[in-house]
Amino acid sequence: MNTHFYIFILTFHFLTACKNNSPVQDTSNQQKTTSTTDSFTLDLGKPDLKSKFEDRIWSIWGGSMVKGNDGLYHMFYSRWEKELGWAWVTDSEIAHAVSSSPFGPFTFKDVALPTRGKEYWDGLCTHNPTVHQFGKKYYLYYMGNTGDGNVPSAPGKMALNPIHRNNQRIGVAVSDSPNGPWKRFDTPLIDVSPENTALDALMVSNPSITQRPEGGYLMVYKAVGKKRPGIWGGPVVHCVATADYPTGPFNKYNKAVFKAKGHDFPAEDPFIWHQEGKYRAIVKDMHGAFTNAGRALVMFDSKDGFDWKLSKNPLVSTLEINWTNGYKQQVDHLERPQLYIENGKPIALLCAGDIKEDDNIIQSFNVQIPILE
């Protein structure tokens, strides 16, 4: 499968958030107005078409990037065969592409985390990677699952296999090089909690991690509980965990973050990092819970990584991509925000996007974006 891909890396020079900021709505874990002392913004620029990574055979989703000692930029992303429909929960695999520039074009190189048998917790699906270099090693965090292998989706038909969905767990693979080989583990890094009342009693997914200034590591992850009846459970929340080492063990904290009063499942896909004295997070605003911009990417900050508040300038991007050729493209979704950070500063924003083609078939892609000084 040496298919070549050209990466749709939208280098979003982070749009000056203050230009489009909307009044913040009431939320359950933050004030309606935020501190006026922190004017941190992310300003996005216009991406070039060479920064678009898409393919006619594969659905492409959720890239994360790291620079290797070989001088190349290594992107890890999710992919599954387009002919299966929206089959990420059963058939996703984490693939690897390379480029001489953080803005592409990228070329497919190999599959980093392939299927390895339904008997493994991550044996049939690997998805939503986030890659980091800590010290001399590379750490590839991801969601994995297993199940019965049944694919209920088809092109134009959105359907999830509930067994695979509820078997989602968080793992990490470790390597001395972004070129691999990657060492995987036979148990999850973050598993569900055994108590039925726990925030993460049903499933866990979508990890994001950063180093703490005082030492150790902070992780935020998506979780689903069992408080609501039915196979899908609920509510959907985000949790915090800490560890002394990148491979854990992680200590969980029993407090949900990124909550919004009156909204069920308000946020998704957080990316966290530490910059200018605070933890920062970019999240997908699912329903317009945090600004009046509707579905969008918004920013939170925190002094300690546990108490998160909406940033003073929260709006990062709406569902519009402004290309360098002047074309303004409306997308159905803009998700999985991931920053590429070099020498302590964000250089590019990577996102997954999609549009509907004929017969409601989804064409998905990955994008990256330069960040303005």
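For this chain, numbers begin at 1 and follow the sequence in order. Quick caveat, the model's predicted, so the values are computed rather than measured.
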Evaluation steps, side chain to side chain contact (heavy atoms under 4.5 Å, CB included), between Phe40 and Asn313: CA-CA 7 Å; Phe40 184 86; Asn313 300 309; over 6 Å; no

Are Met75 and Leu350 close enough, and set up right, to give a side chain to side chain contact (heavy atoms under 4.5 Å, CB included), and what steps lead you there? CA-CA 10 Å; Met75 175 178 287; Leu350 291 76; 3.4 Å; yes

Apply salt bridge (charged side-chain N to carboxylate O under 4.0 Å, His left out) to residues Arg56 and Glu357 and explain how you reach the verdict. CA-CA 12 Å; Arg56 302 305 301 180; Glu357 298 184 324; 3.2 Å; yes

Evaluation steps, side chain to side chain contact (heavy atoms under 4.5 Å, CB included), between Tyr221 and Leu189: CA-CA 12 Å; Tyr221 63 96; Leu189 180 66; over 6 Å; no

Audit row: Lys252, Asn254, side chain to side chain contact (heavy atoms under 4.5 Å, CB included) steps and yes/no: CA-CA 7 Å; Lys252 299 177 181 180; Asn254 190 33; over 6 Å; no

How far apart are the C-alpha atoms of Gln363 and Lys82, what are their side-chain angles, what is the distance that settles it, and do they pass the side-chain hydrogen bond (donor to acceptor under 3.5 Å, both in side chains) test? CA-CA 8 Å; Gln363 175 67 25; Lys82 192 175 178 181; 2.3 Å; yes

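For the side chain to side chain donor-acceptor pair (under 3.5 Å) with Asn161, the lone residue among Asn145, Asp91, Asn167, Asp148 that qualifies is Asp148.
Taking the side chain as every heavy atom from C-beta outward, His287 and Arg295 never approach each other to under 4.5 Å. Within the 4.5 Å cutoff, side-chain heavy atoms of Pro266 are placed close to those of Phe290. For the pair Phe134 and Val174, the minimum side-chain heavy-atom distance is 4.5 Å or more. Residues Val111 and Arg79 are in side-chain contact: their nearest non-hydrogen atoms beyond the backbone lie under 4.5 Å apart. At a threshold of 4.5 Å between non-hydrogen side-chain atoms, the residues Leu124 and Thr90 do not count as touching. Under the 4.5 Å side-chain criterion, counting only non-hydrogen atoms from C-beta, Asp122 is not in contact with Leu113. With contacts defined as side-chain heavy-atom distances shorter than 4.5 Å, the pair Pro47/Val367 does not qualify. Between His263 and Met286, the closest side-chain pair of non-hydrogen atoms is not below 4.5 Å.
A distance of 13.0 Å separates CD in Gln168 from CG in Asp200, rounded to the nearest 0.5 Å. Taking CE from Met219 and OG from Ser208, the interatomic distance works out to 8.0 Å, rounded to the nearest 0.5 Å. Atom CD1 in Ile170 sits 9.0 Å away from atom CE in Met203 (nearest 0.5 Å). Ser78 contributes atom OG, which lies 4.5 Å from atom NE2 of His127 (distance to the nearest 0.5 angstrom). A distance of 5.5 Å separates CZ of Arg212 from OG1 of Thr242, quoted to the nearest 0.5 Å. Taking CD of Gln211 as the start and CG of Leu218 as the end, the distance is 11.5 Å to the nearest 0.5 Å.
Looking at Ser92, its side chain does come within 3.5 Å of a backbone N or O of Thr126 through a donor-acceptor pair. Between the side chain of Asp269 and the backbone N or O of Arg336 there is at least one donor-acceptor pair closer than 3.5 Å. In this structure, Ser302 contributes its side chain and Gly305 its backbone to a donor-acceptor pair below 3.5 Å. Using a distance-only test at 3.5 Å, with no hydrogens or angles considered, no donor-acceptor pair links the side chain of Ser175 to the main chain of Trp182. Of the possible polar contacts, one joining the Ser99 side chain to the Pro105 backbone as a donor-acceptor pair under 3.5 Å is found. Of the possible polar contacts, none joining the Tyr217 side chain to the Thr247 backbone as a donor-acceptor pair under 3.5 Å is found. Although no hydrogens or angles enter the test, the distance criterion places no donor-acceptor pair under 3.5 Å between the side chain of Ser193 and the main chain of Glu195. A donor-acceptor pair under 3.5 Å is absent between the side-chain atoms of Thr324 and the main chain of Lys46, judged by distance alone. Distance alone, capped at 3.5 Å, is enough to place a donor-acceptor pair between the Trp121 side chain and the Phe185 backbone. Between the side chain of Asp55 and the main chain of Ile60, no donor-acceptor pair closer than 3.5 Å is present.
Residues Lys345 and Gln275 bring no donor and acceptor atom of their side chains to less than 3.5 Å of each other. Thr130 and Asn128 are not linked by any side-chain donor-acceptor pair at a separation below 3.5 angstrom, with hydrogens and angles left out of the test.
Using the six-membered ring where Trp is involved, Trp308 and Phe258 have ring planes that are tilted, between 30° and 60° apart. Ring geometry for Phe76 against His96 counts as parallel: the plane angle stays under 30°, on a 0 to 90° scale with 60° as the upper cut.
Applying the under-4.5 Å side-chain rule to Ile, Leu, Val, Met, Phe, Trp and Tyr, the cluster around Ile163 consists of that residue alone.
Here the closest heavy-atom approach between residue Pro155 and residue Leu84 is recorded as CD-C, 4.2 Å. The two atoms that bring Gln330 and Leu319 nearest to each other are OE1-O, 3.3 Å, heavy atoms only. Closest of all the heavy-atom pairs between Ile94 and Tyr142 is CD1-CB, 3.4 Å. Residues Leu315 and Ala296 come closest through the heavy atom pair CD1-CB, 3.7 Å. Smallest separation of non-hydrogen atoms from Pro213 and Tyr279: CD-OH, 3.4 Å. Scanning all heavy atoms of the two residues, the minimum distance from Val172 to Tyr139 falls at CG2-CB, 4.1 Å.
Both Ile355 and Trp323 are assigned to one and the same hydrophobic cluster, defined by single-linkage of ILVMFWY side chains at heavy-atom distances under 4.5 Å. Both Leu297 and Ile341 belong to a common hydrophobic cluster when Ile, Leu, Val, Met, Phe, Trp and Tyr are linked at side-chain heavy-atom distances under 4.5 angstrom. Using a 4.5 Å cut-off between side-chain heavy atoms of Ile, Leu, Val, Met, Phe, Trp and Tyr, with links allowed through other members, Phe306 and Val237 fall into different hydrophobic clusters. Cluster membership check: Trp61 does not share its hydrophobic cluster with Phe271, using side-chain heavy-atom separations under 4.5 Å among Ile, Leu, Val, Met, Phe, Trp and Tyr. Neither Tyr245 nor Tyr141 shares a network with the other; the hydrophobic side chains, linked directly or stepwise wherever heavy atoms of I, L, V, M, F, W or Y lie under 4.5 Å apart, form separate groups for each.
Taking a cutoff of 4.0 Å between a charged side-chain nitrogen and a carboxylate oxygen, Lys312 and Asp38 do not qualify as a salt bridge.
Taking the six-membered ring for Trp, Trp88 and Tyr77 have ring centres at least 6.0 Å apart.
For Asp110, the CG atom sits in a packed shell: over 12 heavy atoms of surrounding residues, nucleotides or ligands are nearer than 6.0 Å.
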